[in-house]
Amino acid sequence: MIDTLGSADVVIIGAGIVGLAHAYEAVERGLSVAVVERGDRATGASVRNFGHACATAQADDALRYGLEARGRWLELADAAGFWARRTGTVMVARAEDELAVLREFAELRGPDQVRLLDRSELGQRVPVGPDAIGGAFLPEDLRVDQRAAVEAIARYLAGRGVVFHWTTNAFAVESGLVRTTRGALRAGHVVLATGHDVDRHFPELAERFQVKRCVLRMLRVDDPHGREIEPAVQTGFSLLRYSGFEACPSLSAVRERLTREKPELIGIGLNLMYTQRPDGTLTIGDTHTYDTTPAPFDQEAYDEAVLRETAGLLGVGQLTVRERWRGVYGSGVNPFLIEAPAERVRVVAVTSGIGMTTALGLAPEVLDGLLAE
């Protein structure tokens, strides 16, 4: 194939947050960068989320990447012109075992990362229903405008010389070359960051790491209280989904009780939480189902469960829905998939649903290793 698209020091496939994080890091190192994206803008998991960078709730590599990403998020927000703020996260406890987990977590992490809240303090920070008994505030977490951030970062990077090849499919990746539907790109190094579509390029790799598609159900609703809600808000169901809480001895009691009392919600992978958008509406959700090739049919019972449980969390009878959508991300046996299928090529995927939290901290480490080849 004729070299029709030129060359770059780093060619990145995928313009979601993982791909853009690597593009940003490469530009910061003075490298030339080209990004290949099959759409005319990113519309995948990077915009279909809560806009929540929840570093505090992570552990191990995820915690390290999340802490590193926080400063980069704020730097990029200033440079690229999108909303981002250190809002913190409020964890709402509605049972004594959930409060016990938060006490243990506060003892593990210390007051700089976790501050316990009594019922009154909790209600001052966020609206809660009558069953809330207390909670915790994680002050260092961030929120970003997820619908604006990725597009703004791409514009900013284009202004710094990154070449974007939109509506262009990459169909072959090899050392030194990326073949696309618009021609070939010569590449010093390649980062493939296509999320759950890693199996479209390297199926054996996806099989080895058991990568499946995780389908979420999320909604945007009117705020029934009409008040500013700055932090992200999470619940006892969230305790079961984040690795940082696994060090808490009381977590098993929470899991056992919720499985016994709410088996249908555990079965659909409910992570009951919400964030407020800049326009005042609430992003709520979410449920999780897993399959290599998900069925195209959405069950209304999932949305009904999210609406019912969120209304209870907020202490209201019902919610007015403005939008519904399906999110999809890659899920695997490890939280991160970082592999070298060929020389000077990296496949990078956040296979745990925390790309917004970790990508900007993950990219420097990946490029350190890739550029050393």
Side-chain angles (χ1 to χ4, degrees), residues 50 52 54-59 87-141 143 221 223-276 282-287 305-319:
F50 290 101
H52 183 210
C54 52
T56 307
Q58 310 305 326
T87 62
T89 302
V90 165
M91 308 294 303
V92 178
R94 299 185 291 170
E96 287 295 338
D97 51 15
E98 296 171 5
L99 202 55
V101 170
L102 295 176
R103 291 193 187 104
E104 292 161 359
F105 194 57
E107 187 172 337
L108 285 169
R109 295 296 182 86
D112 290 342
Q113 293 189 40
V114 184
R115 303 172 192 169
L116 294 174
L117 304 172
D118 62 25
R119 176 64 173 80
S120 175
E121 293 169 327
L122 178 67
Q124 291 171 15
R125 289 189 180 272
V126 299
V128 291
D131 57 352
I133 62 174
F137 180 55
L138 317 182
E140 292 300 309
D141 289 346
R143 284 182 48 225
V221 302
D223 172 16
H225 296 287
R227 61 180 276 189
E228 182 179 3
I229 307 170
E230 187 171 68
V233 180
Q234 298 189 315
T235 65
F237 288 96
S238 309
L239 299 176
L240 306 181
R241 300 203 65 87
Y242 294 101
S243 57
F245 300 111
E246 292 173 3
C248 300
S250 294
L251 186 65
S252 59
V254 175
R255 180 177 288 106
E256 187 278 331
R257 177 182 56 79
L258 288 176
T259 301
R260 183 182 70 253
E261 295 178 355
K262 305 280 188 178
E264 73 285 0
L265 301 181
I266 294 296
I268 62 176
L270 180 67
N271 176 19
L272 181 61
M273 65 171 290
Y274 68 84
T275 57
Q276 189 173 59
L282 306 180
T283 299
I284 70 171
D286 55 355
T287 63
V306 170
L307 287 165
R308 180 183 66 249
E309 296 298 318
T310 306
L313 175 63
L314 291 163
V316 298
Q318 62 182 17
L319 297 167

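These numbers come from the heavy atoms of this one structure, side chains and all, not from hydrogens, waters or symmetry mates.
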Name all residues meeting the ring pair (Phe, Tyr, Trp, His ring centres under 6.0 Å) criterion together with Phe245; count only those two or more places apart in sequence or in a different chain, and write none if there are none. Phe105

Could you note down all residue pairs passing ring pair (Phe, Tyr, Trp, His ring centres under 6.0 Å) where residues 111-131 supplies at least one of them, sequence neighbours left out? none

Hey, are the side chains of His52 and Thr283 touching, using non-hydrogen atoms and a 4.5 Å cut-off? no

Hey, are the side chains of Val233 and Pro127 touching, using non-hydrogen atoms and a 4.5 Å cut-off? no

Taking the side chain from His225 and the backbone from Leu314, do they hold a donor-acceptor pair closer than 3.5 Å? yes

Would you say that Ile266 contacts Leu240 through its side chain, given a criterion of any heavy-atom pair below 4.5 Å between the two side chains? yes

Is any side-chain heavy atom of Ile284 less than 4.5 Å from a side-chain heavy atom of Leu307? yes

Pairs satisfying salt bridge (Lys or Arg N to Asp or Glu O under 4.0 Å), at least one member in residues 111-136, at least two apart: Arg94-Asp131

Can you give me the closest heavy-atom contact between Val92 and Ala132, atom names plus distance? CG1-CB, 4.0 Å

Suppose we screen for side-chain hydrogen bond (donor to acceptor under 3.5 Å, both in side chains). Which residues come up paired with Asp286, at least two apart in sequence or across chains? none

Sequence neighbours left out, what passes side-chain hydrogen bond (donor to acceptor under 3.5 Å, both in side chains) with Thr235? Give chain and number order. none

Test of understanding: with side-chain hydrogen bond (donor to acceptor under 3.5 Å, both in side chains), list the residues that count as partners of Ser238, not counting sequence neighbours. Asn271

Ignoring hydrogens and angles, tell me if any N or O in the side chain of Ser243 forms a donor-acceptor pair with the backbone of Ala59 under 3.5 Å. yes

Exceeds 12 heavy-atom contacts within 6.0 angstrom, atom CD of Gln318: no

Kindly say whether Phe50 contributes a backbone atom to a donor-acceptor pair with the side chain of Thr275 at under 3.5 angstrom? yes

Could you check Ile229 against Leu282 for side chain to side chain contact (heavy atoms under 4.5 Å, CB included), going step by step and ending with a plain yes or no? CA-CA 9 Å; Ile229 307 170; Leu282 306 180; 4.0 Å; yes

Side chain to side chain, Val90 and Val128, heavy atoms closer than 4.5 Å: no

Tell me, do Asp223 and Tyr274 make a side-chain contact under 4.5 Å, heavy atoms counted? no

Salt bridge (Lys or Arg N to Asp or Glu O under 4.0 Å) involving Asp97 - partner list, sequence neighbours excluded: Arg257

Can any side-chain N or O of Asp141 pair as donor or acceptor with the backbone N or O of Thr56 at less than 3.5 Å? yes

Quick one: list whatever passes salt bridge (Lys or Arg N to Asp or Glu O under 4.0 Å) with Arg260, sequence neighbours left out. Glu256

Partners of Glu309 by side-chain hydrogen bond (donor to acceptor under 3.5 Å, both in side chains), sequence neighbours excluded? none

Which residues share a side chain to side chain contact (heavy atoms under 4.5 Å, CB included) with Ser252, sequence neighbours left out: none

Evaluate the side chain to side chain contact (heavy atoms under 4.5 Å, CB included) criterion for residues Lys262 and Glu264: first the C-alpha distance (whole Å), next the side-chain angles of each, then the deciding distance (0.1 Å), finally the verdict. CA-CA 5 Å; Lys262 305 280 188 178; Glu264 73 285 0; 4.2 Å; yes

Residue pairs involving residues 109-140 (criterion ring pair (Phe, Tyr, Trp, His ring centres under 6.0 Å); sequence neighbours excluded): none

Within the 4.5 Å heavy-atom criterion, are Val114 and Leu102 side-chain neighbours or not? no

Measuring from Leu122:CG to Leu116:CG, what's the distance to the nearest 0.5 Å? 11.5 Å

Leu239 and Met91, any side-chain heavy atoms less than 4.5 Å apart: yes

Distance in Å, Leu313 CG paired with Gln234 CD, rounded so as to fall on 0.5 Å steps: 11.0 Å

Between Glu107 and Arg103, is there a donor-acceptor pair closer than 3.5 Å when you use the side chain of the first and the backbone of the second? no

Pairs in or reaching into residues 226-242: which pass salt bridge (Lys or Arg N to Asp or Glu O under 4.0 Å), with residues at least two apart or in two chains? Arg85-Glu230

